[in-house]
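I have placed the structure first, in the form of structure tokens, so that the comments after it can refer back to it.
To find a chain, count down the sequence lines: A is the first, B the second, and so on, and within it residues start at 1. A quick note: this is a predicted structure, and the numbers were derived from the prediction, not measured.
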Protein chains: 2
Amino acid sequence: MEEESDPLCICCLRGIMPTIAKKWAICIIVELGRRPSMRFSEMMKDCGKISPKSLADVLKELQNAELIERVCYAEVPPRVEYRLTEHGRSLRVAIGPLLHWAKEYNLLFLSYRIPMLAKVPDP
Amino acid sequence: MEEESDPLCICCLRGIMPTIAKKWAICIIVELGRRPSMRFSEMMKDCGKISPKSLADVLKELQNAELIERVCYAEVPPRVEYRLTEHGRSLRVAIGPLLHWAKEYNLLFLSYRIPMLAKVPDP
DNA sequence: CCGTATCCAGCGGGATACTG
DNA sequence: CAGTATCCCGCTGGATACGG
């Protein structure tokens with residue numbers, strides 16, 4: 001594998017970045033990985049302050065990318081469940097190191113430079 | 001380490017995502033990691049089709065986040081070099097799995113669903 | 001309950017011309 | 001060479017109200 005000498009191909013990210021860079025995409029991928037499935041209203045609560053439109057938008061994009069799948073049960077009241085696909089699960093694994101890095105970075109960076117994290121009120 | 005049971009903390013990404021999700025940020029981080037340093041004009045060529053304003057913008061943001069550093073030599077004509085900081089290098093390592101995943105994802109996804117990658121003309 | 005329909009503000013980012 | 005100064009467009013994403 002010559003990937004070792006040049007493992008980082010940028011162009012590969014061009015396709016997926018517009019999707020996973022969306023504000024709530026990673027959040028959904030990660031939260032969804034914690035449970036077997038989640039419902040719409042559940043995400044509205046657990047993902048922070050997101051509007052139904054924004055959530056619907058990002059869910060649709062994640063479906064198109066086949067990172068999540070939508071399972072619709074014909075009941076009254078209607079019930080819809082979302083779950084990670086195989087792609088979604090592997091993505092969740094792939095961003096693990098990034099999340100871990102971010103945690104450490106925040107600690108180090110915050111130790112001598114505050115303003116950066118001022119962007120993160122996290123109510 | 002209880003990180004094993006719940007390694008994925010979303011809030012950690014809130015601080016850095018707005019920076020690294022910028023269109024050219026990852027590209028710069030990766031390219032910069034290939035050489036000891038790069039100059040402005042060099043990036044203009046090697047990063048694809050980017051305008052000087054966009055490049056200046058993202059470089060400034062990466063400096064603020066202390067992922068890259070700017071070294072200015074008092075010469076005529078002026079010479080400025082950019083290089084990764086320690087944070088930048090560790091980030092580059094952390095996104096390795098994501099890039100590798102993206103490569104594989106493109107192959108698998110492309111095999112039965114073309115439109116997604118139509119977004120990537122890559123001239 | 002699970003969304004859709006509208007409307008709208010902010011900003012990311014490209015094109016272009018110009019400067020120290 | 002290494003940017004800055006403008007201008008402008010399109011997309012993201014929030015607020016709100018409504019529908020099956």
Side-chain angles (χ1 to χ4, degrees), chain A residues 10 13-28 31-32 37-65 68-83 119-123, chain B residues 10 13-14 16-28 31-32 35 37-65 68-83 116 118-123:
Chain A
I10 294 309
L13 268 186
R14 286 260 175 275
I16 195 65
M17 270 301 281
T19 296
I20 64 177
K22 280 186 192 304
K23 187 168 179 185
W24 304 99
I26 298 290
C27 178
I28 290 170
E31 287 298 322
L32 220 41
S37 74
M38 281 180 87
R39 306 181 60 174
F40 193 89
S41 52
E42 208 172 343
M43 295 186 189
M44 288 290 290
K45 282 183 293 139
D46 296 5
C47 286
K49 197 166 166 39
I50 183 174
S51 70
K53 171 185 172 294
S54 298
L55 180 55
D57 285 354
V58 69
L59 284 178
K60 236 171 267 176
E61 178 136 3
L62 291 176
Q63 287 169 58
N64 286 338
I68 68 175
E69 64 182 346
R70 198 184 110 118
V71 185
C72 183
Y73 299 91
E75 302 175 353
V76 187
R79 182 165 58 99
V80 178
E81 289 185 355
Y82 296 90
R83 61 192 66 210
K119 298 179 185 172
V120 197
D122 235 279
Chain B
I10 293 311
L13 268 187
R14 287 258 175 274
I16 195 63
M17 271 301 279
T19 297
I20 64 176
K22 281 184 191 302
K23 187 169 178 184
W24 303 98
I26 298 290
C27 178
I28 290 169
E31 286 298 321
L32 221 42
R35 317 153 168 75
S37 74
M38 280 180 88
R39 306 182 58 174
F40 193 90
S41 52
E42 209 172 343
M43 295 185 189
M44 288 291 291
K45 282 183 296 141
D46 296 6
C47 286
K49 198 166 166 39
I50 184 174
S51 71
K53 170 185 172 296
S54 298
L55 181 55
D57 285 354
V58 69
L59 285 178
K60 236 170 270 177
E61 178 135 4
L62 292 175
Q63 288 170 57
N64 286 337
I68 68 176
E69 63 182 347
R70 199 185 110 118
V71 184
C72 183
Y73 300 91
E75 301 176 356
V76 187
R79 182 164 59 99
V80 178
E81 290 185 355
Y82 296 90
R83 61 193 65 212
M116 177 66 193
K119 298 180 187 172
V120 198
D122 238 279

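- Side-chain contact between B/L59 and B/F40 is present, with at least one heavy-atom pair separated by less than 4.5 Å.
- Here the side chains of A/W24 and A/M43 are not in contact, with every heavy-atom distance at 4.5 Å or above.
- Interatomic distance, B/Q63 CD to B/E69 CD, rounded to the nearest 0.5 Å: 9.5 Å.
- Applying the side-chain contact (heavy atoms from CB on, under 4.5 Å) rule to B/K53 yields the partners B/S51, B/D57; only residues at least two apart in sequence or on another chain are considered.
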Distances under 3.5 Å only, N/O to N/O: pair up the protein atoms with those of nucleotides 13-17 of chain D.
residue	atom	partner	partner atom	Å
D/dG13	OP1	A/K23	N	2.8
D/dG13	N7	A/K53	NZ	3.0
D/dG14	OP1	A/K23	NZ	2.7
D/dG14	OP2	A/W24	NE1	3.3
D/dG14	OP2	A/S54	OG	3.0
D/dG14	O6	A/K53	NZ	3.2

Test side-chain contact (heavy atoms from CB on, under 4.5 Å) on B/N64 and B/T19 and set out the steps.
CA-CA 10 Å; B/N64 286 337; B/T19 297; over 6 Å; no

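- Counting all heavy atoms, side chain and backbone alike, B/M17 lies closest to A/I26 at CE-CG1, 4.5 Å.
- A/R79 meets the salt bridge (charged side-chain N to carboxylate O under 4.0 Å, His left out) test with A/E75, A/E81; sequence neighbours excluded.
- The shortest heavy-atom contact between A/I50 and A/M44 is O-CE, 3.3 Å.
- One finds no side-chain N or O of B/Y73 lying less than 4.0 angstrom from the OP1 or OP2 phosphate oxygen of D/dA2.
- One can place CE of B/M38 at 14 Å from C1' of D/dA2, the figure rounded to the nearest angstrom.
- Taking the side-chain contact (heavy atoms from CB on, under 4.5 Å) definition, one finds that A/K22 meets it with A/A25, A/V58, A/E61, sequence neighbours left out.
- Within the model, atoms CD of A/E42 and OH of A/Y82 stand 12.0 Å from one another, a figure rounded to the nearest 0.5 Å.
- For DNA chain C, the contact window with chain B, defined by any atom under 4.0 Å from a protein heavy atom, covers C/dG12 to C/dG20 in 5' to 3' order.
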Base-pairing string, 5' to 3', of DNA chain C - Watson-Crick or wobble, under 3.5 Å, | interstrand
||||||||||||||||||||

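- Counting to the nearest Å, the P atom of D/dG3 and the CE atom of B/M44 are 11 Å from each other.
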